[in-house]
Amino acid sequence: MTVLPETGYVPTDDDRASLAAWFAEYDAHSAKRDVERMADLAVFPLNLVSDDSAGDGRSAQWDREQFVATMTHVMGDGSEEITFESTRTPVFLSPAMAVVFTDSVMTANGETQQLRYADILLKRGGAWAFQTMIQGGWGDNL
């Protein structure tokens, strides 16, 4: 069992439900490789944090155009089906900020890959959007 840190904010059922709904929408766009719709759910410039093959931490900021180009390249042309099975652990810092840790299994062309990553999301105008993506192993591509 994961013990969440005390942040001074106790999320409501609505907080949790709205964040879960956001991820369901994002995952659906990801499965279809609808990168433009994925980008609609972000705040740009988007922060990216990773490490590289030399073991050094790396970071970058992408605009929408770079996000769309990179994710289109990474996700492929959509000829094979992609599915995600994810377990998410949100840590709410306030009603408008959450850090979400995800353990996921991605299956494409019958091959599975384990993923672990974190996202920082902001709520603006009543809607969630991701602002920072954190995942190991991508630093050489930043």
Side-chain angles (χ1 to χ4, degrees), residues 1-11 14-142:
M1 176 171 169
T2 301
V3 177
L4 300 181
E6 285 294 325
T7 65
Y9 178 72
V10 177
D14 287 342
D15 291 333
R16 291 183 183 286
S18 67
L19 195 61
W22 182 91
F23 273 106
E25 180 180 1
Y26 187 83
D27 287 349
H29 296 314
S30 295
K32 293 182 214 169
R33 291 179 191 78
D34 190 344
V35 177
E36 288 289 343
R37 288 292 296 133
M38 292 164 59
D40 289 344
L41 300 175
V43 174
F44 293 99
L46 179 67
N47 293 310
L48 296 102
V49 180
S50 192
D51 55 6
D52 63 20
S53 57
D56 291 323
R58 302 281 305 269
S59 65
Q61 284 192 326
W62 287 354
D63 60 15
R64 183 186 176 104
E65 181 180 333
Q66 188 169 10
F67 174 85
V68 169
T70 302
M71 294 303 285
T72 298
H73 174 75
V74 167
M75 296 184 80
D77 63 7
S79 59
E80 74 273 354
E81 180 183 359
I82 293 179
T83 61
F84 297 92
E85 293 180 30
S86 301
T87 301
R88 294 199 167 88
T89 305
V91 177
F92 285 83
L93 303 175
S94 76
M97 294 187 298
V99 179
V100 181
F101 298 89
T102 301
D103 289 295
S104 184
V105 175
M106 178 184 75
T107 303
N109 277 345
E111 295 184 32
T112 61
Q113 181 179 359
Q114 297 279 112
L115 306 171
R116 172 169 276 168
Y117 56 92
D119 296 298
I120 298 175
L121 287 91
L122 306 173
K123 189 184 243 186
R124 300 183 316 163
W128 288 103
F130 69 98
Q131 203 291 310
T132 300
M133 300 170 74
I134 305 167
Q135 184 176 8
W138 291 95
D140 293 329
N141 299 307
L142 298 181

From F92 atom CZ to D15 atom CG, the distance as rounded to the nearest 0.5 Å = 5.0 Å
request  = Work out which heavy atom in W62 is nearest to a heavy atom in L142; give both atom names and the distance.
outcome  = CZ2-CD2, 3.9 Å
ask   = Which heavy-atom pair separates T102 from S86 by the least distance, and what is that distance?
value = CG2-CB, 3.9 Å
task = Rounded to the nearest 0.5 Å, what's the gap from CG on L122 to OG1 on T132? Could you check?
result = 7.5 Å
key: Spacing of OG1 belonging to T72 relative to CG belonging to D34, to within rounding of 0.5 Å   = 9.5 Å
task = Nearest 0.5 Å please: distance from the CD atom of E65 over to the OG1 atom of T70.
result = 10.0 Å
task = Sort out for me which residue in D119, D103, D27 forms a salt bridge (charged side-chain N to carboxylate O under 4.0 Å, His left out) with R88.
result = D27
request  = Identify the two heavy atoms, one from W138 and one from V74, that lie closest to each other, and give their separation to 0.1 Å.
outcome  = CH2-CG1, 3.8 Å
request  = If the plane angle is over 60° it's perpendicular, under 30° parallel, otherwise tilted; pick one for F130 and Y26.
outcome  = perpendicular
message = Quick check for you: to the nearest 0.5 Å, what is the distance between L41 atom CG and E25 atom CD?
response = 5.0 Å
message = Within the 4.5 Å heavy-atom criterion, are R16 and P90 side-chain neighbours or not?
response = yes
key: Main-chain N/O of W22 paired to W128 side chain as donor or acceptor, under 3.5 Å   = no
remark   = Heavy atoms of F44 and A39 approach each other most closely as CE1-O, 3.3 Å
request  = Kindly say whether M106 contributes a backbone atom to a donor-acceptor pair with the side chain of Q114 at under 3.5 angstrom?
outcome  = no
request  = Working to the nearest 0.5 Å, report the span between CZ of R33 and CE of M38.
outcome  = 10.5 Å
inquiry  = Which heavy atom of A118 sits nearest to which heavy atom of F101, and what is that distance?
reply    = CB-CD2, 3.9 Å
query = Of all heavy-atom pairs between G137 and D51, which one has the smallest distance, and what is that distance?
reply = N-OD1, 2.5 Å
inquiry  = I'd like to check V68 versus E36 (side-chain heavy atoms, cut-off strictly below 4.5 Å). Are they in contact?
reply    = yes
request  = Using the side-chain contact (heavy atoms from CB on, under 4.5 Å) rule, take F67 and M133 through it: C-alpha gap first, then chi angles, then the decisive distance, then the call.
outcome  = CA-CA 11 Å; F67 174 85; M133 300 170 74; 4.2 Å; yes
message = Does R64 have more than 12 heavy atoms from other residues, nucleotides or ligands lying within 6.0 Å of its CZ?
response = yes
query = Does CD belonging to Q61 count more than 12 external heavy atoms closer than 6.0 Å?
reply = yes
task = For the pair S50 (side chain) and R58 (backbone), establish whether a donor and an acceptor sit closer than 3.5 Å, ignoring hydrogens and angles.
result = no
